[in-house]
Amino acid sequence: MKKKNSFKTSHNRRSFIKVSAATGGGMLIGFNLLTGCKSDPPAVAKPKVIPLPDPSQWFDINAYLKIGDTGLVSIISPNPEIGQNVKTSMPMIVAEELDVAWKDVVVEQSPLNSVDFDRQVAGGSQSIRQSWTALRQAGATAKKILVDTAAERWGIDASECSVSEGVITSPTGETLKYGELVAEASGREVPEEVELKDPSEFKIIGQSQVNVDMEGILSGTAVFGIDYRIEGMKHAVVLRPPAFGKELVSFDDAAAKNVNGVEQVLKFGNKIAVVANSTWAAMKGKKALTAEWKEVGPIEDSAYHTKTLKEHLVKKAEEARRVDGDVDAAFAQADEVIERIYEAPFLPHTCMEPMNFYANVTAEGAKLVGPIQTPKWTQSKVATLLGIEEDKVTVHMTRMGGGFGRRLYGDFADEAAEISSLIKAPVQVLFSREDDMTAGTYRPGSAYRFKVGIKDGQLSSYHLTEAFFNGEMFGNMPSNFPAGAIENYRVDCHNIESNITTGAWRAPYANFLASAEQSFFDELAEHLGKDPIDFRLELFAKAKEQPIGEEHNYEIDKFVNVIKMAREKSNWDTKKTGVHKGFSAYYSHNTYVAEVAEMVIENDLPVVKKVICAIDCGIVVNPKAAKNQAEGGVVDGLGHAMYGQFEIEGGRAKQTNFGVADYKLIRMMDAPEVEVHFAENQNDPTGLGEPTLPPAGGALSNALYAATGKRFYKQPFITEMEVKG
Amino acid sequence: MANYKIKINGETRTVEADPDTPLLWVLRDSLELRGTKYGCGVAQCGACTVHVDGAAMRSCSLPISQIEDQEVKTIEGLSPDLSHPLQEAWREHDVPQCGYCQAGQIMSAAALLADNPSPSEKEIESFMNGNICRCGTYNRIKAAIQTAAKK
Ligand code: FES
Ligand code: FES
């Protein structure tokens, strides 16, 4: 018998409860609420495989799953789905340990449920990593109860039973299906300990499964936040201050109130809400508003940002984030000192689905529905805002049209709650694209200075100075590579105050730092006459032989492995005429990634044709979807590094919508092919929503250098190119 | 406000709306067809793409008053059972991430293939360039169109 991992079950010690009849049962209606009553394919669709029939009774097993009397399984996906595919991959993990056929699983999105789930957050690429064991235990516990029940019926020991796809088999060949046992198993105590499978036994994990909302997406019936409707719901749009640093003085709503369909115009805080019976009426009403604003704080602009960042880069912080040795002494003794500065602008998130939220605040409490990465935080903020108990606020997560960090901040949910409480009616607040880009929680504008000393052809000192605005999340990785590999090492951070709202943006901490650092490494390698990959490998070898200073946060072998994979898969060492390569590697969000960008010159313009990407994220749960994440991260990283020009002018976003003359996002024509390779191992999985983004900017700038001979220090690179495309 | 009769997904429907109301909001708010999405409102992202007499149009920039007597098709009417070759190819390539842009992508692609059943890679890229996918699923979209074109 295979060695199994035994785990104490830490939660869900709840016995089977008979739940409800499926016909007319409240629960079924409940869980179809947010999927537009289509959690299974439309009746006329041609399913490739026939799932078990709908049950007449469901049995609640634990917070993660129910089993019907036909054997059909309903798995509850706890975390918000922002396009990272957790609504498919998390239930796959439960189904694996439960040992059922994936075709016999339906998935439902859980609302906020802090009693049963620990971490209902979409952020930091942590959903799978942090829930891995809990999800497996949920499936394994249920399986054990069913097997115990079967064994008891047969009068044998549970260890004599084998299970496959929801069917339990005795040594003599008798079989019982989960659906036949689930009623009898009802009320059984949840075992104290369960055995988890050895990864070599996985049948669902590691096999690509199609997105569980595919039918809804392809038929246009999947319910995103913006699609949520309920009888009597009003539509609201909000006029916010025209610049950071301005406050409302007065407004005239006469014209707005004359717009067909506008029902109310009301001031709340520093904003004005236009409430109407349709989206268009609300939008028109807002356009008809006139308001007077006064300056109450500094009015910032991009020139001020650049200047301020650069002023800070030459200073040391009061307290360094990490100090090994003495960089200044080493600089004094160095043969040569090299210093480079890299800059990046504030960036909006531009989720494809603009911010929106539904709220219905009544005497009983508040019901919130919409796209949110942080339902728990939203619950507590709204409770505080309304002065009610947290348990009076319910939060349902819809499918969401992207998050990228913007939906961590529930400002839009707060607005909906406030407006609903004022108008005493259910309301959905919708941001226009212009609202979305002007009332952002932007990636802060930032700049990095790298200064190194070279002694006898070796790096003797490395000093990174970071500067950013409102960057609470920045500067948190001072022990990332190359910490540990260089004798004299120091990281300083300057967090500069600004009245522009900022926040996490896909791969916070790392998104621009990686790009800057990896560009700098390329330049250093060239300066030292080394191949860029060899240069990094030498540093890793040093860190391995004799690590410098306190602990560093990366595992050398894993890091080196992905670098070598990328080298091999991209044929790095074979030169191809006309193809210019750029290398980059970064460790973030617990995942190791190395990338090679291949660039050609087409019609006098440098074009990235392909990016080869090697990744170590442990076990790959859903390979095709995982590749999708990796591809998307690369495209996103390249796109923003190349085109993301976003400026602040007069305290306000200058770019307010998509368009050639406005804000440019990468489009199909500019997107390279992305080839993804995963390291094969059986380590617990980490995450993939973010880690392929940070290295992409570096791979791009290094390929650009190889192709054009020009180094790029300022994002977006398009502004630094002679020929603008 | 005026009454408009529109032919939508093979049915004739009457809606009451201001003449300047974009078709997008008529679809979403009056006709309960919310598969067509709002992304920019200025014909720059393609999320709101529908077919008007077979041509791909950005419904956010098309006032309802301009489309009388024309046939409108939305994602909900593309096929009764997800059997359109593009829908099948989308599934095969597991294209969507967040999924929000995908209805618009599919409607653009369907108009392209109706006009040009075997487009070159360059033709796909240039036709689809009006549709943004913030999640970056462009390669899969392209591959799915190529797969569907072969059917
Ligand atoms: S919403 Fe119409 S093109 Fe963007
Ligand atoms: S799949 Fe998210 S925008 Fe395209």
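Since the model is a prediction, treat every value here as computed from it, not as a measurement.
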At a heavy-atom distance under 4.5 Å, which candidate from [options] has the highest pair count against chain B?
{"options": "A/E673, A/H349, A/R229", "value": "A/R229"}
{"options": "A/L665, A/N628, A/D636", "value": "A/N628"}
{"options": "A/L638, A/N211, A/T279", "value": "A/T279"}
{"options": "A/R506, A/M283, A/Q84", "value": "A/M283"}
{"options": "A/N85, A/D227, A/I217", "value": "A/D227"}

Can you say whether [X] sits under 4.5 Å from chain A via the side chain, the backbone, both, or neither, judging by heavy atoms?
{"X": "B/E92", "value": "backbone"}
{"X": "B/H93", "value": "backbone"}
{"X": "B/V95", "value": "backbone"}
{"X": "B/N131", "value": "backbone"}
{"X": "B/D94", "value": "both"}
{"X": "B/Q102", "value": "side chain"}

[X] versus [Y]: any side-chain heavy-atom pair under 4.5 Å?
{"X": "A/M642", "Y": "A/I666", "value": "no"}
{"X": "A/T350", "Y": "A/F658", "value": "yes"}
{"X": "A/P354", "Y": "B/Y100", "value": "yes"}
{"X": "B/I141", "Y": "B/W90", "value": "yes"}
{"X": "A/E631", "Y": "A/V634", "value": "no"}
{"X": "B/C48", "Y": "B/R58", "value": "yes"}
{"X": "A/V212", "Y": "A/W102", "value": "yes"}

Pairs of heavy atoms under 4.5 Å with chain A: top-ranked of [options]:
{"options": "B/L78, B/D18, B/D20", "value": "B/D20"}
{"options": "B/R34, B/K37, B/H84", "value": "B/R34"}
{"options": "B/R134, B/Q97, B/K142", "value": "B/R134"}
{"options": "B/G41, B/G99, B/C40, B/G130", "value": "B/C40"}
{"options": "B/T137, B/L33, B/N139, B/N129", "value": "B/N129"}
{"options": "B/C101, B/P96, B/C133, B/A43", "value": "B/P96"}

(message) Donor-acceptor pair, distance only, cut-off 3.5 Å: does the side chain of A/Q373 make one with the backbone of A/G405?
(response) yes

Answer with side chain, backbone, both or neither: which region of [X] has an atom nearer than 4.5 Å to a non-hydrogen atom of chain B?
{"X": "A/M400", "result": "backbone"}
{"X": "A/L430", "result": "side chain"}
{"X": "A/Y663", "result": "neither"}
{"X": "A/H235", "result": "side chain"}
{"X": "A/Q209", "result": "backbone"}
{"X": "A/S208", "result": "neither"}
{"X": "A/M437", "result": "neither"}
{"X": "A/F224", "result": "side chain"}
{"X": "A/K284", "result": "side chain"}
{"X": "A/N657", "result": "side chain"}

(message) Please report the interatomic distance CD(A/Q428) to CD1(A/I230), rounded to the nearest 0.5 Å.
(response) 11.0 Å

(message) I'd like to know if the side chain of A/E690 pairs up with that of A/S125 as donor and acceptor (distance under 3.5 Å, no hydrogens or angles considered).
(response) yes

(message) Can you see whether A/N622 engages A/S89 through a side-chain donor-acceptor pair at a distance of less than 3.5 angstrom?
(response)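 No donor-acceptor contact under 3.5 Å links the two side chains.
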
(message) Please identify which of these residues, B/V72, B/V50, B/L23, B/V15, meets the side-chain contact (heavy atoms from CB on, under 4.5 Å) condition with B/I8.
(response) B/V72

NZ/NE/NH1/NH2 to OD/OE distance under 4.0 Å, [X] and [Y]:
{"X": "A/R433", "Y": "A/D662", "result": "no"}
{"X": "B/D69", "Y": "B/K5", "result": "no"}
{"X": "A/R407", "Y": "A/E353", "result": "yes"}

(request) Begin from the C-alpha positions of B/Q66 and B/V52 and carry the test side chain to side chain contact (heavy atoms under 4.5 Å, CB included) through to its verdict. (result) CA-CA 11 Å; B/Q66 282 183 20; B/V52 178; over 6 Å; no

(request) Starting from the C-alpha separation in whole Å, work towards a yes-or-no answer on side chain to side chain contact (heavy atoms under 4.5 Å, CB included) for A/R399 and A/V223. (result) CA-CA 6 Å; A/R399 202 173 167 84; A/V223 176; over 6 Å; no

(message) Strictly less than 4.5 Å between heavy atoms, which residues of residues 105-128 of chain B line up against chain A? Please order them by number.
(response)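 Residues B/I106, B/I124, B/E125, B/S126, B/M128 are the ones that qualify, each having a heavy atom under 4.5 Å from chain A.
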
(request) Please check if the distance between the ring centroids of A/H640 and A/W505 is under 6.0 Å. (result)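 Between A/H640 and A/W505, the centre distance is under 6.0 Å.
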
(request) Just do the side chain to side chain contact (heavy atoms under 4.5 Å, CB included) check on B/T36 and B/W25 with the steps written out, would you? (result) CA-CA 9 Å; B/T36 306; B/W25 299 113; over 6 Å; no

